[in-house]
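Working notes, structure below.
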Amino acid sequence: MTSHLVTIDNVDMRYGGPGGTLAVSGLTLHVDKGEFTAVVGPSGCGKSTLMKLVTGLHIPQVGAITVAGKEVTEPVSIVGMAFQNPTLLPWRTTLDNILLPLEIVQRHRRRLRANKAEYVEKAEHLLETVGLKGFGDKYPWQLSGGMQQRANLCRALIHEPDLLMLDEPFGALDAFTREELWCVIRDLHHETDVTIQLVTHDLREAVFLADRIFVMSARPGRIIDTHSVPFERPRDLEVMYTAEFTDLVHDLRGQIAQARTEQLEAAQ
Amino acid sequence: MSAPADSKPAEPVAEVVATPPAPRQFPWIKAAPWLYTIALFVIWEASVHLFALPQYVLPAPSVILGAIIQYWPTIWTNSVQTLYTTLVGFAMAVAGGLALGLLVGWSRFIYAGLYPLMIGFNAIPKVAVVPILVIWFGIGDVPAILTAFLIAFFPIVVNVATGLATIEPEMEDVLRALGAKKMDVMLKVGIPRSMPYFFGSLKIAITLAFVGSVISETIAANSGLGHMMLAAQSQFNVPLVFAGLIMLAIEGIAMYALMAWIEQRTTGWAHRSGMAQGN
């Protein structure tokens, strides 16, 4: 019981008051510490709602969410988030963008001024990890889309979160850059004990990166199936060209297609 | 202006036989504002002579220049007066507009309540307010300053509020998930983000402030370019009326250039990142 970092127990989340849209219903899942999970499902299934529930940006009307042993009633600062839109601030250098969370999180902001050098060193190290060494003093608009997304990952990781929530972070990138960043994430997960939850539309991305994959139904979203990914770590990109990999992607595709069909039929 | 500073023109390939450097092109683009201005005055001068227009209809630029020199002490005093009332009104508009813009952008409740009022207020022609200001404050500097303030205030409020209202929701989520309060989001993201909108609005506001102070001067004042032009008109001194116009144009262009320069210096990043274009 204590090894679960995230527990979501029978949660309903409705937007816009009673009679509003029911985004998720009867949602139940748990994530172990250090685990890499992915969430896939048809569009509009409440994947992003799931992210906002876990980070405490939304509080559910029914059910409970526990993160690190505490019920979520307000934003939990042990989480780092990265979205498809890198949202780097254009008036700050890449390094200052990465340091931004430290100016917010309570336990860091008190120490930041006195220990600036230590934090800058940490940020430089993160930049090196994601392959952006020496780009700290560049402004975001001087970086390519892929480089901005790398910096975005650094910003999500600078305060050493226990849980990293990624909402389609690679959606807007070209195929090769995306593969590069998959490897960056894979290595980050391997080298640290961070727990990662990835929300994605890309089934190959989910299978390549995750230990377990949750499949969500159409709205109102709930988990209809959980797949364990059998491939050993560390995984090479070549694993994507094996029959097993393709079969798993194919299964997932079938389930999501069916969820979509059911939704369309229900709508008619 | 949009090219990154570090992009250098491509170096010529070494193998290519050295060709004599091309003769330096005349910088047409840079010279264009001066060329067009000179052309305007030349055409104006020529037309006046060609059509033999009487001086009380349209004086030639040379005649206006003569009037500027002849009446220079008067023109100078009144130009300084207009500049003074305009700048005081503009400064009040900047302070008030910035404050109200931040307030309106801060809270949806304040926004919803104040916005219709501001629209209504902005729709009132400011010339209609001047008589009221004269009743309250008498003839003099104060109505001119207040008219400049009232007319320049609105674009600043709207621009600052727009900058605050268009924070990316993802950015706010990232910060709020870390425990950021509304104040943190405003200080770290909202206010820096609204600065390009604010400095952009200053160019519009300073131009409008001149409109405001001159309107007020033509209705109720004892000095200022507006008053001077009105007095000159009543004496049929048309060259002096036009001299006043020219001085207003010069002051307006100078102030606009100053605001554009401040904008460029303070928020150059917005031009580079494309945010100023509304991205």
Side-chain angles (χ1 to χ4, degrees), chain A residues 48-49 51-58 67 72 74-93 96-109 137-143 148 152-153 155-161 163-169, chain B residues 1-8 102 105 108 159-160 162-200 262-279:
Chain A
S48 297
T49 303
M51 276 200 64
K52 292 191 174 175
L53 286 169
V54 173
T55 50
L57 290 173
H58 291 325
V67 173
V72 175
E74 57 176 7
V76 281
S77 61
I78 61 159
V79 180
M81 292 174 104
F83 295 92
Q84 179 173 332
N85 178 357
T87 62
L88 298 172
L89 303 175
W91 56 90
R92 287 175 167 238
T93 62
D96 285 337
N97 264 293
I98 294 171
L99 294 174
L100 177 66
L102 303 174
E103 296 166 25
I104 305 291
V105 177
Q106 283 297 335
R107 72 194 140 95
H108 290 295
R109 73 196 290 176
D137 57 352
K138 291 267 186 289
Y139 284 90
W141 36 266
Q142 294 173 310
L143 304 181
Q148 288 186 24
N152 188 15
L153 285 176
R155 187 180 64 189
L157 290 166
I158 188 72
H159 59 295
E160 293 178 349
L163 178 63
L164 181 59
M165 301 291 287
L166 304 173
D167 189 352
E168 300 207 35
Chain B
M1 159 171 9
S2 62
D6 55 357
S7 77
K8 297 186 182 69
L102 290 177
R108 293 198 64 81
N159 274 277
V160 172
T162 304
L164 292 180
T166 51
I167 298 175
E168 293 97 335
E170 291 102 333
M171 189 72 231
E172 214 173 335
D173 281 350
V174 166
L175 294 182
R176 280 184 50 225
L178 296 168
K181 302 280 175 288
K182 182 88 182 171
M183 189 69 171
D184 292 321
V185 178
M186 281 294 161
L187 286 177
K188 301 292 180 196
V189 184
I191 293 174
R193 200 193 139 72
S194 66
M195 284 303 108
Y197 294 88
F198 167 66
F199 284 111
I262 291 173
E263 183 191 12
Q264 194 62 41
R265 287 298 299 267
T266 47
T267 53
W269 56 263
H271 293 273
R272 297 285 172 75
S273 67
M275 205 188 90
Q277 280 84 54
N279 287 2

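Residue numbers begin at 1 in each chain, while the letters A, B, ... track the order of the sequences.
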Quiz item: Side chain, backbone, both or neither: which part of B/Val185 has an atom under 4.5 Å from a heavy atom of chain A?
Solution: neither
Quiz item: Who passes side-chain hydrogen bond (donor to acceptor under 3.5 Å, both in side chains) against A/His108, sequence neighbours left out?
Solution: A/Tyr119
Quiz prompt | From CG (B/Leu178) to NE2 (A/His159), nearest 0.5 Å | solution = 4.5 Å
Quiz prompt | A/Leu89 and B/Met171: CA distance, side-chain angles, deciding distance, side chain to side chain contact (heavy atoms under 4.5 Å, CB included) verdict | solution = CA-CA 9 Å; A/Leu89 303 175; B/Met171 189 72 231; 3.8 Å; yes
So for [X], is it side chain, backbone, both, or neither that comes closer than 4.5 Å to the heavy atoms of chain B?
X	answer
A/Phe83	side chain
A/Leu57	both
A/Val76	backbone
A/Leu88	neither

Quiz item: Are A/Leu100 and B/Leu175 side-chain neighbours, meaning at least one heavy-atom pair lies under 4.5 Å?
Solution: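 Contact flag for A/Leu100/B/Leu175 side chains = yes.
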Practice problem: Can you tell me which residue pairs pass the salt bridge (Lys or Arg N to Asp or Glu O under 4.0 Å) test with a partner in residues 174-192 of chain B, sequence neighbours excluded? | Solution: A/Glu103-B/Lys188, A/Arg109-B/Asp184
Exercise. Locate the shortest heavy-atom distance separating A/Thr87 from B/Glu168; write the atom from each residue and the value.
Key: CG2-CB, 4.2 Å
Quiz prompt | Most chain B-contacting option - heavy-atom pairs closer than 4.5 Å, from A/Gln84, A/Glu74, A/Arg155 | solution =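 Of the candidates given, the most pairs with chain B belong to A/Arg155.
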